Amino acid sequence: MHPEINPDYCKGCHLCIHVCPRKVYSKSEKISKRGAVLPNVEHPDKCVNAKKKKGEELSCELCVLSCPDQAIKFLED
Amino acid sequence: MEIEEFFRMDRWPNSYCPGCGNGIVMNCMHRAMRDMVNLDRLVMVGGIGCSARIDGYVFSDAIHTTHGRAIAFATGIKLGNPELDVIVIGGDGDIGAIGGNHLINAARRNMDLLVICVNNWIYGMTGGQISPASPHECMSTTTPLGNPEYSFEFVKLVAECGANYAARWSITHPFQLVNCLKTAFQKKGFRFVEVLSICPTGFGRNNKINEPAELYKFLKEKTYIMKDENRIAVNLDGKFPLGEFANIDRESYIESLKKIRG
Ligand SMILES: Cc1ncc(C[n+]2csc(CCOP(=O)(O)OP(=O)(O)O)c2C)c(N)n1
Ligand code: SF4
């Protein structure tokens, strides 16, 4: 499983970059339709959930809880 | 229950500024309640302010009331139909300033309500004036030289008034906040959860903390998880203890009413 950012919800606050203890996220140059500077899921393999399969319980999820815009979801690889 | 069934994603993106802590409170509410809430039986009550708008995003019945009066409306709703789960949500200004007297009396009565107070230290919606919860010496639009007052600590007040549950957490401690909301949701009587939060627009800008991540870090440094002796001590060093200030099982208002009426 890896985290993915919904570009329609993200407002570019970059709290995910700040809170992730594994440095999965980074700044990018991508600008969303609404003008937000989107973060990049640069190292999905570094996420503690990287090896988990659908249905398995995820751990950490600090980015999901700390995203003020409900823009982060874990998707299957 | 998935987040799409809990929140009205048809209204997304939400109306909050980038980096606003209200969204984190919403995540924690969903995580805490998704397994036990019955949305048909839930009523969300909000007053006026940015945090008070969270009520309108939940897929339950909701009422948006006048500024500061959410607890009074919620009391009426709960007494009208005690089967309902009634949650009040609002900011430090709404619940602790203009609504302060309702807060005190609901806690004294041990009224069966869960009150979530999102304390971002400022009046966010009206442009960053100080509230009674603003820290000493902080800058705001109404205190350009720094706040001469010391802040009001709602959790301690509520605990002293006899509420069954009073706890303070912060958006920088989301897992503890989820557990706290779970506990609070299941208890009877008056339950008060204060969540320290960030308002990058009202508080951050006035205090020259321009990035949401920087403000998040600042808030984290201002808080610590308390030991028991910190429960009641007045906070003069500018650091906010987090944890439970009260967790008792005093007779709730509805129980007391039933006993008297027979
Ligand atoms: C009776 C009344 N007085 C004043 C206002 C203006 N007003 C709107 S929101 C607000 C303060 C909100 O601050 P807070 O409750 O801390 O919420 P936040 O926006 O920070 O989440 C005030 C004073 C009002 N709407 N009604
Ligand atoms: S003004 Fe402050 S509290 Fe209101 S939405 Fe913006 S950041 Fe959030």
Side-chain angles (χ1 to χ4, degrees), chain A residues 1-43 47-49 52 54-76, chain B residues 2-32 34 50-51 54 57-58 118 120 169-179 181 195 197-201 204 209-220:
Chain A
M1 304 281 274
H2 65 277
E4 193 163 290
I5 294 163
N6 181 339
D8 294 332
Y9 291 174
C10 178
K11 296 187 192 128
C13 73
H14 295 174
L15 281 182
C16 49
I17 303 178
H18 179 75
V19 299
C20 175
R22 297 258 182 139
K23 308 256 179 293
V24 168
Y25 300 89
S26 66
K27 286 200 175 152
S28 81
E29 309 272 282
K30 273 183 284 174
I31 310 251
S32 76
K33 259 188 266 159
R34 289 171 198 273
V37 181
L38 297 172
N40 200 3
V41 188
E42 194 174 333
H43 302 289
C47 174
V48 285
N49 295 308
K52 301 226 165 125
K54 202 179 177 188
E56 275 183 84
E57 204 168 317
L58 301 180
S59 37
C60 186
E61 293 189 276
L62 197 54
C63 58
V64 176
L65 274 181
S66 304
C67 171
D69 297 293
Q70 291 69 37
I72 302 179
K73 280 230 156 174
F74 271 89
L75 298 181
E76 233 180 323
Chain B
E2 293 298 316
I3 198 153
E4 292 81 3
E5 299 164 64
F6 192 81
F7 288 118
R8 304 188 49 165
M9 300 313 255
D10 56 319
R11 296 190 170 178
W12 250 250
N14 62 41
S15 63
Y16 300 121
C17 310
C20 173
N22 282 322
I24 305 179
V25 177
M26 289 163 88
N27 288 336
C28 294
M29 276 173 69
H30 167 251
R31 191 65 65 99
R34 64 184 175 189
C50 298
S51 337
I54 291 178
Y57 287 120
V58 181
V118 185
N120 54 14
W169 285 105
S170 149
I171 52 144
T172 58
H173 293 69
F175 299 103
Q176 289 94 332
L177 175 58
V178 169
N179 286 337
L181 287 171
V195 190
S197 180
I198 54 176
C199 170
T201 308
I209 311 176
N210 292 324
E211 294 296 317
E214 237 179 280
L215 190 54
Y216 186 99
K217 200 167 127 222
F218 175 80
L219 175 59
K220 196 159 193 180

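These numbers were taken from a predicted model, which means no experiment stands behind them. Sequence lines set the chain letters: A, B, ... in the order given, protein chains first and strands last, and positions in each chain run from 1.
In terms of heavy-atom pairs under 4.5 angstrom with chain B, the leader among A/Leu65, A/Asp8, A/Val64 is A/Leu65. Per-residue counts of heavy-atom pairs under 4.5 Å with chain B were compared for A/Leu15, A/Val19, A/Ile17; the largest is that of A/Leu15. For chain B, the option among A/Cys10, A/Gly12, A/Cys67 with the highest count of heavy-atom pairs below 4.5 Å is A/Cys67.
Closest heavy-atom contact between B/Pro174 and A/Leu62: CG-CD1, 3.7 Å. Residues A/Cys13 and B/Pro18 share a closest heavy-atom pair of CB-C, 3.8 Å.
Put simply, SG on A/Cys60 and CZ on B/Phe175 are 5.5 Å apart, with the number rounded to the nearest 0.5 Å. How far NZ of B/Lys217 is from NE2 of A/His18: 7.0 Å, rounded to the nearest 0.5 Å.
Of the atoms belonging to A/Asp69, heavy atoms from both backbone and side chain fall under 4.5 Å from chain B.
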Practice item. Begin from the C-alpha positions of A/Ser66 and B/Ile171 and carry the test side chain to side chain contact (heavy atoms under 4.5 Å, CB included) through to its verdict. Key: CA-CA 8 Å; A/Ser66 304; B/Ile171 52 144; over 6 Å; no

Practice item. Run the numbers on A/Gln70 and B/Met9 for side chain to side chain contact (heavy atoms under 4.5 Å, CB included), then give the verdict. Key: CA-CA 9 Å; A/Gln70 291 69 37; B/Met9 300 313 255; 3.9 Å; yes

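The environment of A/Glu61 atom CD is dense: over 12 non-hydrogen atoms of other residues, nucleotides or ligands sit within 6.0 angstrom. Within 6.0 Å of CD on B/Glu2 lie no more than 12 heavy atoms contributed by other residues, nucleotides or ligands.
Just one of B/Cys20, B/Pro13, B/Pro212 meets the side-chain contact (heavy atoms from CB on, under 4.5 Å) condition when paired with A/Lys11; it is B/Pro13.
Within the 3.5 Å criterion, the main-chain N or O of A/Pro68 finds no donor-acceptor partner in the side chain of B/Asn27.
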